[in-house]
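Here the structure is laid out as C-alpha cells; the discussion comes afterwards.
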Number of protein chains: 2
Amino acid sequence: MARSVATKSEAPDDTIATRISRILADRIVSGTIEPGARLRQDHIAAEFGTSHVPVREAFRRLEAQGLAISEPRRGVRVASFTLEEVKEVAEMRAALEGLALRHAAPHLTAAILEAAEAATKAGDLSRDVRSWEEANRRFHRLILTPCGMPRLLAAIDDLHAASARFLFASWQTQWETRTDHDHRAILAALRQGDVDTACALLARHVRWIGQRPIDGPAGQKRKAFVVG
Amino acid sequence: MARSVATKSEAPDDTIATRISRILADRIVSGTIEPGARLRQDHIAAEFGTSHVPVREAFRRLEAQGLAISEPRRGVRVASFTLEEVKEVAEMRAALEGLALRHAAPHLTAAILEAAEAATKAGDLSRDVRSWEEANRRFHRLILTPCGMPRLLAAIDDLHAASARFLFASWQTQWETRTDHDHRAILAALRQGDVDTACALLARHVRWIGQRPIDGPAGQKRKAFVVG
DNA sequence: CCCATTCAAATTATCTATAATTTTTACAGC
DNA sequence: GCTGTAAAAATTATAGATAATTTGAATGGG
C-alpha cells in the first residue's frame, strides 16, 4: 500500500555490495580484468568511493560464482581457467540445460519460440562479441525459463557467466554460424514437439564448448574455445 | 619449504567468516534453526564473540548455497523449502551426480568400491539420522570424487546439503533399507563395469527424493521426504 | 471494537579505525 | 653475483562507531 507506485528505474536489490559484485563480475567475464589478477579491496573500495567492507561482501559472491578465488589471508584473485575447467563447465551446462529444457518444454508457447528465433537472428546481425553473447544468452534463457525452477536457472546463469569468459577470451567468427545452426535445429525440434531430440541437440550444442581447439588452415593451432 | 610439517590440526581456510558460515550451515541443515527464522547479525556476532562484519560475510556464503535468503534492508532469513524445491534439488542432483559418476567410473578402483561398500554398511548400523546421513554422503562422495571435476563436486555438495535438510526434517526408517538396497545395486553395476546402468540407478535413486509423500499404512499421508 | 498513524526501539548497512599478516625491499653474508 | 635474512610497506581481517531504514508498539480516530 505504502509502496511507491513507480519503483525507481531498475534497482531491485540495491545494496552497494551487490552492485560492486555485479560490476566486478561483468569485468571478469568480459576479460577487462585478467585471470589471476589480484583484487585489492582498498583499491576497489576507493574506485567506488566506499569502504572495503561491502567490497569484501562482493568478493564472497564472486567466490561462490567461481569467478574469483580467495586465499585466507593472502587476498582475492580473479579465477584463472584451464581447458579442463572449460570442459567441466560445458558438461555441467549440458546436463543442467538438458534438465531445464525437458521441464520447460511443456510450457513453451509459439510466442516464446518466436522470440527465441528473433534472438537467434539478433545474434546473426550482431557485429561485436558482446552483443552476440547477449543474444545467445537470451536464446537460452527464453527456452529454459519456463521450467519454473529458480535454483536450476540460477545455477545455469552462473555457468553461462563462466562460459562467457572463454567466449570473450577467444572469439572465432565461425562459432557464430555454428551456434546459429544449432539454435535453429533446436527450435525446429521443439516446434515439432520432439523434446528428446531438442534436449540432445542442446546438450551437444553446449558440450561443444572447448571441445575443439581450432586447427587453423595452416596448422595454426590457436588456443580457442567455443561457447554456445 | 618453510611450510610447517604438521599443519595445526585441521584449519585449512581459517577465517572467522568461513567458520561462522560452516556452523550456521550445519544448524540450518540439521534443523536446529527453523526455516524462515531470522538471522540477526548482532545476535550471532555476540554469540561468536565477534563483530558483525564477518557474520555478514558468512551470510553471503549461505545465500549462495541456497540455505538463507537475504532481503536488502530487511535482514536474512533461513530459506524455507517447499515440496517443489525438494524435487528441484533432487532433479539437479540426479543430473549432476549422473554426470560425475560417468566421469568417475574409469578411475574407480576396487579399494574405492570397497570403501563405498563399507560406508553403506555403516549406514545400516547407524541408529541416529545424523550418522546415517554422514554415511550416506560418504558413499556418494567416494564414488563421485574420482571424476576430478572440482566445480561439479562443489555444486553436488551444496545440493547434498539442501537434500539433507529434508532428510533431517522428516525421517522415516524405511528409507534406510531402500537407500541401502539402491547403494548395493549401484556398486554391483560398477563392479561389472556397467556404467550406464550404474548411472541410471544413481539418477533414479537420487530422484526418489520427495517424489513420494509416504502413503502410510492407515492412509496417514504424512508430509514426508526421502533423501538418497 | 478495529484500523490507521506516529513515535520509539531494534536492526541493517556502511564507514572509520586498529591489529595482524603478508609481500616487498633492502641489506649483509657467502 | 647470488642467496638468505630482516626491516618496511602494503594489504587483509576484524572491531568499534554512526547513519538510515525497518519493525513493533502505543495512541488516537472511525
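Order of the sequence lines fixes the chain letters, A, B, ..., with proteins taken first and strands second; residue numbering starts at 1 for each chain.
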Legend entry - Separation of D/dT12 C1' from B/Asp14 CG (nearest whole Å): 14 Å
Legend entry - Pair A/His52 and A/His43, ring centroids less than 6.0 Å apart: no
Inset, instruction - Verify, without hydrogens or angle tests, whether A/His183 (side chain) and A/Thr120 (backbone) share a donor-acceptor contact under 3.5 angstrom. - result: no
Legend entry - Between D/dT12 (P) and A/Ile69 (CD1): distance, integer Å: 16 Å
Legend entry - Pairs where residues 52-69 of chain A contributes a residue and the test salt bridge (Lys or Arg N to Asp or Glu O under 4.0 Å) is met, not counting sequence neighbours: A/Arg56-B/Glu57, A/Glu57-B/Arg56, A/Glu57-B/Arg60, A/Arg60-A/Glu63, A/Arg60-B/Glu57
Inset, instruction - Would you list the pairs meeting salt bridge (Lys or Arg N to Asp or Glu O under 4.0 Å) in which at least one residue belongs to residues 147-159 of chain B, sequence neighbours left out? - result: B/Arg141-B/Asp157
Inset, instruction - Output yes when A/Glu133 and A/Arg137 qualify as a salt bridge under the 4.0 Å nitrogen-oxygen rule, no when they do not. - result: yes
Legend entry - Whole-Å gap separating P (D/dT22) and CZ (B/Arg77): 15 Å
Legend entry - Length of the line joining A/Glu57:CD and C/dC15:P, which is rounded to integer Å: 11 Å
Inset, instruction - Please state whether the rings of B/His140 and B/His205 are parallel, tilted or perpendicular, taking 30° and 60° as the class boundaries. - result: parallel
Inset, instruction - Rounded off to whole Å, could you give me the CZ-to-C1' distance for the B/Phe59 and C/dT12 pair? - result: 10 Å
Legend entry - Nucleic acid contacts - residues 40-55 of chain B versus DNA chain D, non-hydrogen atoms under 4.0 Å: B/Gly49, B/Thr50, B/Ser51, B/His52, B/Val53, B/Pro54
Distances for protein N or O near nucleotides 21-23 of chain C N or O, under 3.5 Å:
from   : atom 1 : to      : atom 2 : distance (Å)
C/dT23 : OP1    : A/Arg74 : NE     : 3.0
C/dT23 : OP1    : A/Arg74 : NH2    : 3.1
C/dT23 : OP2    : A/Arg74 : NH2    : 3.2

Inset, instruction - Drop me the distance from A/Thr50's OG1 to A/Ile44's CD1, to the nearest 0.5 angstrom. - result: 9.5 Å
Legend entry - Nearest-Å distance for atom pair CZ/C1', residues A/Arg60 and D/dT14: 12 Å
Inset, instruction - Starting at atom CZ of B/Arg19, determine the distance to atom C1' of D/dT14, rounded to an integer number of angstrom. - result: 13 Å
Inset, instruction - With sequence neighbours left out, write down each residue that passes salt bridge (charged side-chain N to carboxylate O under 4.0 Å, His left out) with B/Arg27, or none if nothing qualifies. - result: B/Glu47
Inset, instruction - Write down the distance between CD (A/Glu71) and P (D/dT12), rounded to a whole number of angstrom. - result: 12 Å
Legend entry - Residues in salt bridge (charged side-chain N to carboxylate O under 4.0 Å, His left out) contact with A/Arg130, at least two apart in sequence or another chain: A/Asp26
